[in-house]
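The first residue in the sequence is number 1, and the count goes up from there.
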Amino acid sequence: IFLTGLVVFSCTSIKQNKMNRQIAFDWQGHRGARGLVPENTIPAMYKAIDLGARTLEMDVVITRDKQVILSHEPFFNHEIATNPDGTAVTIQDEKKLNIFQMSYAATQRYDVGLRGNTRFPQQQKMAIQKPLLLQVIDSADAYAIQKKKPLPFYNIETKSQASTDGVFHPDPKTFVDLLVAVIQNKKITDRVTIQSFDIRTLQYLHQQYPAIPTVLLIEGDDKRNLQQQLSALGFTPYAYSPHYSLVNASMVAECKKHNMQLIPWTVNNLAEMKRLRELGVNGIISDYPNLFYFP
């Protein structure tokens, strides 16, 4: 289904991308290694590589000057961000610090690591800013080579929704075009997937950039069944990525029937990791790559 209506060249590219990724169980470091190092930063990616992550999972947003940078929110989160004057960003002010309305240079005045994260007590505190995606790719690849590790895969989430188009992010076409330009420039098309809860970005990718595999993200409270979710999307993606609490033997069987990888998020408990592996999932996304095990 994923290949329906695509030209022969694109079909070949997609098959090759699938083959490249189906090499082993896909351990993914969530936002790098959020449980241990400030999220969506270059040091977090280094930590994930050190601990054996095969894929670096990350989120991207767009600045006013059309730069693609790593951030889970399209603003500076009050839980982790520090203002240029050294005060903590407050919950009242965080959405005023709209990255889509800021230049990349302006974003570099805000720290996102000095305060740590109270929800992740093991997280190392450090002075750090939100990096450009292109810097992350260059740095992570170079680090993997230095450490004699395999070059990492990248699982990149577009942070968008229809209700905030033009407010916190560009429209899906503009967002995806900017993201893909970085991916193509860095020549990592065969090592990347793009994931989203926003099916509009996946649909545009499927139509315009069919060689890049897509991943459908599913919230834990989504009441639709898998077939209804795929029908809404309009095609079968490379991977299906639900909240881990939704995963059962029936889902594993359904994903196999559709020839989709099943990669649940965000699994931070070793016992749960083992349960999911025994069920037959293809990978796991976790804040704690130090829990990864390699039987």
Side-chain angles (χ1 to χ4, degrees), residues 28-51 53 55-140 143 152 154-161 164 167-170 175 178-179 182 195 265-266 268 285-290:
Q28 297 198 18
H30 186 237
R31 309 187 199 179
R34 176 169 64 156
L36 307 171
V37 180
E39 66 182 60
N40 282 318
T41 63
I42 291 172
M45 304 306 157
Y46 290 169
K47 178 63 74 172
I49 290 169
D50 284 340
L51 293 170
T55 297
L56 304 176
E57 192 273 351
M58 61 194 67
D59 312 277
V60 294
V61 300
I62 309 297
T63 65
R64 185 185 66 202
D65 48 350
K66 297 184 177 180
Q67 298 300 304
V68 184
I69 71 170
L70 267 62
S71 182
H72 184 260
E73 293 81 22
F75 50 83
F76 282 89
N77 187 326
H78 75 278
E79 291 184 301
I80 62 173
T82 302
N83 288 303
D85 66 3
T87 61
V89 170
T90 65
I91 193 169
Q92 294 80 14
D93 288 340
E94 63 178 7
K95 291 185 180 177
K96 298 174 186 175
L97 301 175
N98 182 348
I99 293 171
F100 188 48
Q101 304 301 327
M102 302 170 71
S103 67
Y104 166 69
T107 68
Q108 299 307 285
R109 299 175 61 212
Y110 293 81
D111 181 90
V112 291
L114 277 175
R115 293 170 54 199
N117 188 323
T118 57
R119 292 189 292 120
F120 298 92
Q122 296 179 47
Q123 188 185 100
Q124 180 183 355
K125 295 179 181 180
M126 63 176 68
I128 199 77
Q129 287 74 42
K130 294 180 184 292
L132 292 167
L133 174 62
L134 61 86
Q135 293 173 330
V136 171
I137 295 165
D138 284 343
S139 299
Y143 188 78
Y154 296 90
N155 186 17
I156 305 171
E157 182 180 347
T158 57
K159 303 303 294 187
S160 64
Q161 56 186 5
T164 51
V167 179
F168 282 110
H169 50 80
F175 198 140
L178 289 168
L179 172 56
V182 176
Q195 62 177 353
W265 58 273
T266 299
N268 290 338
I285 302 172
S286 178
D287 290 313
Y288 293 98
N290 55 315

Within this structure, what is the [atom1]-[atom2] distance for the pair [X] and [Y], rounded to the nearest 0.5 Å?
{"X": "Ile42", "Y": "Ile128", "atom1": "CD1", "atom2": "CD1", "value": "7.0 Å"}
{"X": "Lys47", "Y": "Asp50", "atom1": "NZ", "atom2": "CG", "value": "6.0 Å"}
{"X": "Leu97", "Y": "Tyr110", "atom1": "CG", "atom2": "OH", "value": "4.5 Å"}
{"X": "Ile99", "Y": "Glu73", "atom1": "CD1", "atom2": "CD", "value": "8.5 Å"}
{"X": "Ser286", "Y": "Arg31", "atom1": "OG", "atom2": "CZ", "value": "12.0 Å"}
{"X": "Leu56", "Y": "Ile49", "atom1": "CG", "atom2": "CD1", "value": "5.0 Å"}

So [Y] and [X], do their side chains get closer than 4.5 Å, heavy atoms only?
{"X": "Asp111", "Y": "Gln129", "result": "yes"}
{"X": "Val61", "Y": "Ile69", "result": "yes"}
{"X": "Asp138", "Y": "Gln135", "result": "no"}
{"X": "Gln124", "Y": "Leu36", "result": "no"}
{"X": "Met58", "Y": "Val136", "result": "yes"}
{"X": "Met45", "Y": "Ser139", "result": "no"}
{"X": "Arg64", "Y": "Met102", "result": "no"}
{"X": "Ile62", "Y": "His169", "result": "no"}

Atom of [X], atom of [Y] and distance for their closest heavy-atom approach:
{"X": "Gly32", "Y": "Ala48", "result": "O-CB, 3.2 Å"}
{"X": "Ser103", "Y": "Asp65", "result": "CA-OD1, 3.5 Å"}
{"X": "Glu157", "Y": "Lys159", "result": "OE2-NZ, 2.9 Å"}
{"X": "Ala81", "Y": "Arg115", "result": "O-NH1, 2.5 Å"}
{"X": "Leu51", "Y": "Asn290", "result": "CD1-N, 3.5 Å"}
{"X": "Thr41", "Y": "Pro38", "result": "OG1-O, 2.7 Å"}

Short question: side chain of [X], backbone of [Y] - any donor-acceptor pair under 3.5 Å?
{"X": "Thr87", "Y": "Asn83", "value": "no"}
{"X": "Asp59", "Y": "Asn40", "value": "no"}
{"X": "Gln123", "Y": "Arg34", "value": "yes"}
{"X": "Thr164", "Y": "Val167", "value": "no"}

Derivation of the side-chain contact (heavy atoms from CB on, under 4.5 Å) call for Leu70 and Leu133 | CA-CA 6 Å; Leu70 267 62; Leu133 174 62; 3.9 Å; yes
Donor + acceptor pair across side chains of Asn155, Gln28 (<3.5 Å) =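 Yes - a donor-acceptor pair under 3.5 Å links their side chains.
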With distance as the sole criterion, is a donor-acceptor pair present between the side chains of His30 and Asp287 under 3.5 Å?
-> yes
Please walk me through it: do Glu57 and Trp265 pass side-chain contact (heavy atoms from CB on, under 4.5 Å)?
-> CA-CA 10 Å; Glu57 192 273 351; Trp265 58 273; over 6 Å; no
Could you go through the side-chain contact (heavy atoms from CB on, under 4.5 Å) check for Val182 and Val60 one step at a time?
-> CA-CA 12 Å; Val182 176; Val60 294; over 6 Å; no
Under the 6.0 Å and 45° cation-pi test, does Lys130 pair with Phe76?
-> yes
